[in-house]
There are 2 protein chains.
Amino acid sequence: MLSRQAIAEAALDVVDTAGPDGLTMRALADRLGVKAASLYNHVSGKDDLLDDLAALVNAEIDLAPLDDPDWRRGLARYAHGYRAVFLRHPNTIALLARRRVEADRQLLTYDALLAALGRAGLDPADAAEAAAALDYLVLGSALETFTAGFTRGAAEYRPRHPALAGALEASAARGPGLDDRGFDLALRLLLDGLAARTAP
Amino acid sequence: MLSRQAIAEAALDVVDTAGPDGLTMRALADRLGVKAASLYNHVSGKDDLLDDLAALVNAEIDLAPLDDPDWRRGLARYAHGYRAVFLRHPNTIALLARRRVEADRQLLTYDALLAALGRAGLDPADAAEAAAALDYLVLGSALETFTAGFTRGAAEYRPRHPALAGALEASAARGPGLDDRGFDLALRLLLDGLAARTAP
DNA sequence: ACCTGAACACCGTTCAAGT
DNA sequence: ACCTGAACACCGTTCAAGT
């Protein structure tokens with residue numbers, strides 16, 4: 001019944017619904033119909049549990065787009081899929097970032113990305129930088145959700161922060177999804193720039 | 001003696017040295033030579049304290065570069081300064097991200113950035129997207145520090161993850177600072193792309 | 001007005017005791 | 001082999017009591 005796998009899945013559920021602070025050993029045990037102390041028969045502690053959680057979330061990232069013969073399209077689809085995973089599980093980011101990369105699935109993800117960048121014609125050192133840049137963009141955009149921070153209406157910002165108000169308003173007129181458009185813009189410009197650096 | 005200002009400064013100190021989880025009301029009170037309960041005479045709770053902390057960190061961001069008549073140079077310097085603040089206080093990112101932007105100083109920062117993007121010749125909706133993209137890049141790069149996750153030597157990765165090993169090795173040959181180079185690359189390509197979008 | 005001690009309901013984790 | 005109750009040292013927060 002109880003297993004590392006089941007515990008990790010329940011943990012992701014708890015984090016998704018109750019937030020990073022809601023993931024307590026007691027709440028997790030409750031969801032599994034068990035007492036907190038029982039969890040320690042399967043994981044050595046909360047830190048160990050977070051490693052499993054990292055692996056679980058990373059396993060959701062679809063690597064298939066990286067095999068696309070059109071590398072720009074492939075990278076764009078990969079990046080969108082990567083970001084979608086963390087938009088589905090935004091509460092995990094603060095929990096999992098700044099941890100060492102040890103889950104095999106996560107190492108495999110980076111390896112596949114770097115291989116794809118290599119096939120695109122980037123030399124390995126450039127590929128490393130490009131992979132880092134992609135990572136920053138995806139995690140930053142999933143973590144921060146620019147728009148969500150501005151909780152008041154543009155009109156309220158206008159008196160003291162006119163440029164902010166104007167930008168929020170103009171962007172709203174373009175439709176919802178400023179976060180998505182900001183990410184798309186950066187991704188497109190990044191891929192444009194990388195294309196200019198690929199060997200022929 | 002005790003004041004919101006002094007408490008916030010001590011809190012930043014505690015977070016910097018003891019990590020996000022090290023910031024407890026008791027540890028903070030200790031550093032101030034007082035008991036935890038005393039803090040509640042000045043802040044309404046830990047959440048309130050984190051608002052002050054956000055304001056304090058944001059106040060470190062230098063907005064002067066945004067007035068540079070050469071907007072590309074100004075934005076690059078601003079972004080580097082912004083990132084430097086969070087590299088100095090990396091433990092604050094997970095603590096402060098995903099909070100509503102309410103500190104006046106933070107609203108002012110975004111307003112100044114959007115005004116600068118407008119002066120550069122971007123229309124307001126494009127400026128909003130560019131500001132979001134910059135934010136993602138800065139916070140993502142300060143949060144994640146790509147390199148720090150790979151704790152083992154490249155040789156250890158090679159058997160199972162050759163592209164990863166090759167990229168880490170080639171990047172190390174280029175010198176330390178893969179994170180900085182990844183950020184610089186993305187920033188440069190972003191600014192290049194924005195330049196093409198500015199009105200003449 | 002502000003600091004404190006004691007208390008509350010919560011944490012993660014351990015461990016002897018059960019089955 | 002695995003679950004549990006009780007306990008430990010910790011959390012954030014409250015509040016009556018002190019000065």
Side-chain angles (χ1 to χ4, degrees), chain A residues 1-57 89 91-100 102-103, chain B residues 1-57 89 91-100 102-103:
Chain A
M1 197 79 245
L2 216 50
S3 67
R4 290 187 73 96
Q5 175 74 12
I7 291 173
E9 283 167 7
L12 182 54
D13 244 41
V14 173
V15 173
D16 283 342
T17 62
D21 293 339
L23 178 63
T24 70
M25 300 304 270
R26 284 169 172 88
L28 175 56
D30 255 16
R31 159 136 351 191
L32 289 160
V34 93
K35 297 297 170 187
S38 307
L39 299 172
Y40 292 83
N41 286 309
H42 300 90
V43 294
S44 73
K46 195 171 184 180
D47 202 66
D48 191 24
L49 171 64
L50 291 180
D51 282 339
D52 284 359
L53 190 61
L56 190 62
V57 172
H89 308 296
N91 295 333
T92 63
I93 303 179
L95 227 42
L96 300 182
R98 304 195 69 74
R99 294 174 68 82
R100 53 251 130 28
E102 301 209 314
Chain B
M1 199 77 242
L2 217 49
S3 67
R4 290 187 73 96
Q5 175 74 14
I7 291 173
E9 283 168 7
L12 181 54
D13 243 41
V14 172
V15 173
D16 283 343
T17 62
D21 293 339
L23 178 61
T24 69
M25 299 305 269
R26 283 169 172 89
L28 175 55
D30 256 16
R31 159 136 351 190
L32 289 160
V34 92
K35 297 297 170 187
S38 306
L39 300 172
Y40 292 83
N41 287 309
H42 300 91
V43 293
S44 73
K46 194 170 184 179
D47 202 65
D48 191 24
L49 171 65
L50 290 179
D51 282 338
D52 284 359
L53 189 61
L56 190 62
V57 173
H89 309 295
N91 296 333
T92 63
I93 302 179
L95 226 42
L96 301 182
R98 304 194 70 72
R99 294 174 68 81
R100 53 252 132 30
E102 301 211 313

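Just so it is clear: chains get the letters A, B, ... in the order the sequence lines come, proteins before strands, and each one is counted from 1. Here the structure is a predicted model, which means the values were calculated and not measured.
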(request) Take the protein atom OH of B:Tyr40 and the nucleotide atom C1' of D:dT14, then report the distance between them rounded to whole Å. (result) 9 Å

(request) Report the distance from atom CG of B:Leu28 to atom CG of B:Leu23, rounding to the nearest 0.5 Å. (result) 6.0 Å

(request) Write down the partner of C:dA17 under the Watson-Crick or G-U wobble criteria, each distance required to be under 3.5 Å. (result) none

(request) Counting heavy atoms from C-beta on, name the nucleotide in D:dC15, D:dC11, C:dG12 closest to the side chain of A:Lys46. (result) C:dG12

(request) Can you tell me the distance, in whole Å, between the CG atom of A:Asp30 and the P atom of D:dC3? (result) 15 Å

(request) Give the rounded distance in Å between these two atoms: CE of B:Met25 and P of D:dC10. (result) 18 Å

(request) Could you please name the partner base of C:dC3, counting Watson-Crick and G-U wobble pairs only when both distances are under 3.5 Å? (result) none

(message) Whole angstroms only, please: what is the CG-P distance between A:Asn41 and C:dC15?
(response) 13 Å

(request) Would you mind telling me which of C:dT4, D:dG12, D:dC3 lies closest to the side-chain atoms of B:Arg26? (result) D:dG12

(request) Report the distance from atom OG1 of B:Thr92 to atom CG of B:Asp16, rounding to the nearest 0.5 Å. (result) 7.5 Å

(request) Rounded off to whole Å, could you give me the CG-to-P distance for the B:Asp48 and D:dG12 pair? (result) 15 Å

(request) Return yes if some donor-acceptor pair links the side-chain N/O of A:Asn91 with the main-chain N/O of A:Val15 below 3.5 Å, else return no. (result) yes

(message) Measuring to OP1 and OP2 of D:dA1, would you say a side-chain N or O of A:His42 lies under 4.0 angstrom away?
(response) no

(message) Partner lookup for D:dG12, please. Criteria are Watson-Crick or G-U wobble with both distances under 3.5 angstrom; report none if nothing qualifies.
(response) C:dC8

(message) Please determine whether a side-chain nitrogen or oxygen atom of B:Ser38 lies at a distance below 4.0 Å from atom OP1 or OP2 of C:dT4.
(response) yes

(request) Could you check whether B:Leu23 gets within reach of a base, just the sugar-phosphate, or nothing at all, counting any heavy atom under 4.0 Å? (result) sugar-phosphate

(request) Using a heavy-atom cut-off of under 4.0 Å over every strand shown, decide if A:Leu39 touches base, sugar-phosphate, or nothing. (result) nothing

(message) Heavy atoms from C-beta onward define the side chain here; which of C:dT13, C:dT4, D:dT4 lies closest to that of A:Val34?
(response) D:dT4

(request) Take atom CG of B:Leu32 and atom C1' of C:dC2, then tell me their distance rounded to the nearest Å. (result) 14 Å

(message) I need the NZ-C1' distance between A:Lys35 and D:dA7, as an integer number of Å.
(response) 16 Å

